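Below: one structure, written as structure tokens.
Just so it is clear, the structure is predicted and the values come from calculations on it, not from any experiment.
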Amino acid sequence: MGRWSMLVVAVWLLVWAPAPGEGWDPASVFVEEPLLPSALREEVRSMFYHGYDSYENYASFARDELMPLSCRGHSKMGGISTTLVDSLDMLAVLGDARRFTDGVDWLLANLSFDRDVNVSVFETNIRILGGLLAAHLVASNHSRALYRGKEPYSGGLLDLAVDLADRLMLAFDTPTGLPFGTVNLRSGVPPGESRIVCAACAATFSLEFGLLSILTGNAVYERTAKRSAEMLWSKRSRNGLLSTHLDVDQGKWTVQTTCGLGGDTDSAYEYFWKAGNAFDDEVYRDMFRKSHEAVEASLRLEGHDFLHYVDSDFVTGVKILNVRSLSAFWPGILAQMGDLDSANRTIHSFADIVRLYGYLPESVCVTRLPHGPKAVSILGREPFTQGSLIDGYPLRPELVESIYHLFVKTRDESLLRLALQAQQALRKTRVPCGFCSVHGVLQHQHILLDQMDSFVLSETFKYLYLLWDLAAGPECWVNKEKVVFTTEAHIFPEVALKRPLSRQLEEIKEL
Ligand code: DMJ
């Protein structure tokens with residue numbers, strides 16, 4: 001073989017050759033296996049530890065995320081220990097006092113937000129602020145006895161949370177109250193920062209900022225979150241839906257093409273629902289009620305054997321035939337609302353896609369699915385736009401999250417079979433240093449990538465674990481108490497959220 005041919009083969013091996021476990025046929029993996037909830041729960045526990053211990057050993061707590069193929073870490077999220085903070089309440093779910101205490105002690109000794117780094121306001125809120133607050137509530141709960149440090153816990157995580165929130169708050173200093181997308185943790189909004197923000201990035205603060213207001217007695221956080229959410233809501237389309245991006249100066253939509261429940265809008269709707277309930281807040285409740293009506297009227301696409309929530313055009317309302325992976329949170333909300341039939345049908349339609357491709361691709365056009373022709377004929381002569389194809393599956397939690405919420409309501413065993421299918425697919429992503437995201441899903445290539453997002457540990461494994469725990473006969477405290485899951489699956493006990501809101505505290509102070 002000549003030198004050039006050898007080079008080509010070497011490059012092919014490095015770049016394209018499938019790693020072990022890649023390119024599998026779904027039929028060979030989704031095989032019948034006994035539904036044994038306690039064994040499957042233990043399997044999830046060991047999967048979580050494989051990811052968490054690999055992060056600690058190969059990335060180190062100082063890094064944000066693990067790179068499971070190269071067995072090292074990255075700090076692309078500011079170098080603020082994202083995976084550690086994101087994982088703490090999962091350690092509490094597992095009852096792992098040793099790792100929980102070690103993690104908290106490590107953060108109290110090492111984590112500082114006084115860093116010259118630019119971070120995403122949205123991601124830092126949901127992963128870090130949410131993670132710190134959830135862990136603070138666990139550590140403060142003496143009866144749970146999960147924090148076993150040398151000294152009693154004295155609120156250090158809450159101090160970190162306040163320090164971080166005050167840095168994020170600088171992003172909201174805009175004419176509309178809509179936040180910039182990025183802040184520098186040390187110096188505020190960076191010069192030249194884009195003045196465009198995504199809808200979800202403007203309205204996914206109510207739970208974290210609301211709880212912070214309750215814990216500190218300082219109303220400013222909760223008010224800031226609400227002002228931004230109300231501003232966003234006031235910009236909804238004629239059909240009552242949000243689009244994806246708007247400017248922070250006037251709140252004008254910049255990309256007026258798409259409305260849907262996928263990325264860039266998803267958690268805005270989720271937080272209308274969750275904040276309305278968590279805080280008994282009529283303003284958020286009304287936003288959700290109207291959002292729900294609009295979603296049902298404009299995004300629902302169904303036949304007798306499928307139900308999808310697709311996208312629509314902001315101006316014309318014409319349907320765009322995307323089924324987006326991130327929108328899989330929606331049936332979980334429907335389940336919590338009590339629309340069990342729609343929740344069940346949507347979840348089963350997502351599961352059909354998983355059976356076809358092995359994983360849920362980021363976006364697939366309805367016409368690609370077995371029931372695609374039927375879906376299109378249901379639309380009849382109504383104009384519609386073809387959807388997009390976005391490949392890849394970064395081990396997202398949304399489908400198992402919804403399965404969990406529906407199982408809470410129905411205890412329907414068919415849901416457990418779908419969860420088992422998700423777990424069977426996750427087994428294929430395991431490598432010696434963790435779990436890998438997947439690319440090439442739509443082509444059944446299943447190429448493993450050097451990426452393990454922190455939400456794999458904080459959400460995907462948490463919902464799976466809690467599901468099997470519920471099915472086995474609940475042992476975990478989360479399944480025995482009333483809790484609210486943030487969009488990053490951080491656990492906020494309802495009793496903490498039902499304390500008087502800061503607004504009321506302010507009123508009390510004024511008496
Ligand atoms: C998580 O970080 C959060 O759930 C967020 O709201 C959007 N999706 C990712 C996981 O898919």
### Task
Walk me through it: do Asp412 and Ser414 pass the test side-chain hydrogen bond (donor to acceptor under 3.5 Å, both in side chains)?
CA-CA 6 Å; Asp412 172 0; Ser414 74; 3.1 Å; yes
Practice prompt. Start with the C-alpha gap between Asp453 and Leu395, add the side-chain angles, then the distance that decides, and say whether side chain to side chain contact (heavy atoms under 4.5 Å, CB included) holds.
Written response: CA-CA 8 Å; Asp453 290 86; Leu395 315 187; over 6 Å; no
_Candidate pair Thr244 and Phe314, rule side chain to side chain contact (heavy atoms under 4.5 Å, CB included), full reasoning_ = CA-CA 10 Å; Thr244 57; Phe314 185 91; over 6 Å; no
Go through the steps for Thr254 and Asp247 under the test side-chain hydrogen bond (donor to acceptor under 3.5 Å, both in side chains), then give the verdict.
-> CA-CA 7 Å; Thr254 55; Asp247 81 82; over 6 Å; no
Run the numbers on Leu207 and Tyr271 for side chain to side chain contact (heavy atoms under 4.5 Å, CB included), then give the verdict. CA-CA 7 Å; Leu207 290 182; Tyr271 269 34; 3.7 Å; yes
Side chain to side chain contact (heavy atoms under 4.5 Å, CB included), that's the test. Do Thr176 and Leu246 meet it? Break it down for me. CA-CA 11 Å; Thr176 54; Leu246 67 178; over 6 Å; no
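Atom CG of Leu35 sits about 8.0 Å away from atom CD of Glu32, to the nearest 0.5 Å. Here the CG atom belonging to Leu415 is positioned 5.0 Å from the CG atom belonging to Leu406, to the nearest 0.5 angstrom. Annotation: the span from Lys235 atom NZ to Lys252 atom NZ amounts to 8.5 Å, rounded to 0.5 Å. Between atom CD of residue Gln424 and atom CZ of residue Arg417 there is a gap of 10.0 Å, rounded to the nearest 0.5 Å. Here the CZ-CD1 distance, from Phe492 to Ile214, works out to 10.0 Å after rounding to the nearest 0.5 Å. Here Leu416 contributes atom CG and Leu470 contributes atom CG; the two are 9.0 Å apart, rounded to the nearest 0.5 Å.
Ion pairing between Glu459 and Lys462 fails under the 4.0 Å rule for side-chain N and carboxylate O. Taking a cutoff of 4.0 Å between a charged side-chain nitrogen and a carboxylate oxygen, Asp280 and Lys498 qualify as a salt bridge. A salt bridge does not link Arg45 with Glu475: none of the charged nitrogens is closer than 4.0 Å to a carboxylate oxygen. Using a cutoff of 4.0 Å between basic side-chain nitrogens and carboxylate oxygens, Arg41 and Asp469 are scored as salt-bridged. Look at Glu230 and Lys226 and you find no salt bridge, because none of the NZ, NE, NH1 or NH2 atoms lies under 4.0 Å from a carboxylate O. With respect to Asp266 and Arg324, no salt bridge is recorded, no charged nitrogen being found less than 4.0 Å from a carboxylate O. Under the 4.0 Å criterion applied to side-chain N and carboxylate O atoms, Glu282 and Arg289 are assigned as salt-bridge partners.
Counting heavy atoms from C-beta outward, Met77 and Thr83 have side chains that stay 4.5 Å or more apart. Looking at heavy atoms from C-beta onward, Val138 lies out of side-chain contact with Leu88 at the 4.5 angstrom threshold. Under the 4.5 Å side-chain criterion, counting only non-hydrogen atoms from C-beta, Val121 is not in contact with Val197. You'll find the side chain of Phe435 stays beyond 4.5 Å of the side chain of Leu457, heavy atoms only. Considering only heavy atoms from C-beta on, Leu399 stays 4.5 Å or farther from Tyr463 through its side chain. Residues Leu448 and Val431 are in side-chain contact: their nearest non-hydrogen atoms beyond the backbone lie under 4.5 Å apart. The closest side-chain heavy-atom distance from Glu488 to Ser454 is below 4.5 Å. When side chains are defined from C-beta on, Ile128 does not count as touching Glu123, because their heavy atoms never get closer than 4.5 Å.
The aromatic rings of Tyr221 and Phe209 sit perpendicular, their planes meeting at an angle over 60°, well past the 30° parallel limit. The aromatic rings of Tyr269 and Phe272 lie perpendicular to each other, with more than 60° between the two planes, well past the 30° mark. Using bins of under 30°, 30° to 60° and over 60° for the plane-to-plane angle, the ring pair Phe288/Trp330 lands in the tilted bin. Ring planes of Phe306 and His371: parallel class, angle under 30° (limits at 30 and 60°).
Of the possible donor and acceptor atoms, none in the side chain of Ser243 sits under 3.5 Å from a partner among the backbone N and O of Cys259. A donor-acceptor contact shorter than 3.5 Å is absent between the side chain of Ser206 and the backbone of Ala225. In terms of modelled atom types and a separation under 3.5 Å, the side chain of Tyr393 and the main chain of Arg396 share a donor-acceptor contact. Looking only at distances, no side-chain donor or acceptor of Trp273 sits under 3.5 Å from a matching main-chain atom of His292. Judged purely by atom type and a 3.5 angstrom limit, Lys76 has no side-chain atom pairing as donor or acceptor with the backbone of Asp64. Side-chain atoms of Asp391 come within 3.5 Å of backbone N or O of Leu442 as a donor-acceptor pair. A donor-acceptor contact shorter than 3.5 Å is absent between the side chain of Arg430 and the backbone of Arg427. Arg300 places no side-chain N or O within 3.5 Å of a backbone atom of Val295 that could act as its donor or acceptor partner. Put simply, the side chain of Thr204 never gets that close to the backbone of Cys201: no donor and acceptor are under 3.5 Å apart. For the pair Ser234 (side chain) and Met231 (backbone), a donor-acceptor distance under 3.5 Å is present.
Every residue meeting the side chain to side chain donor-acceptor pair (under 3.5 Å) condition with His74, not counting sequence neighbours, appears here in chain and number order: Glu65.
Put simply, the residue from Ser325, Ser327, Ser388 that forms a side chain to side chain donor-acceptor pair (under 3.5 Å) with Ser363 is Ser388. Partner Tyr309 forms a side-chain contact (heavy atoms from CB on, under 4.5 Å) with one of Pro331, Ser342, Ser349 and no other, that one being Ser342.
Of all heavy-atom pairs spanning His490 and Ile126, the tightest one is CD2-O, 3.3 Å. Between Ala199 and Ala268 the shortest heavy-atom distance is O-CB, 4.2 Å. Closest of all the heavy-atom pairs between Cys365 and Leu389 is N-CD2, 3.6 Å. Scanning both residues, Phe205 and Pro179, for their nearest heavy atoms gives CE1-CG, 4.3 Å. When all heavy atoms of His446 and Val438 are compared, the closest pair comes out as CA-CG1, 3.5 Å. In plain terms, the two heavy atoms of Ala328 and Ser402 that are nearest each other are O-OG, 2.5 Å.
Two rings, from Trp468 and Phe461, have their centers 6.0 Å or more apart.
Within the cation-pi definition used here (under 6.0 Å to the ring centroid, within 45° of the axis), Arg368 does not qualify as a partner of Tyr357.
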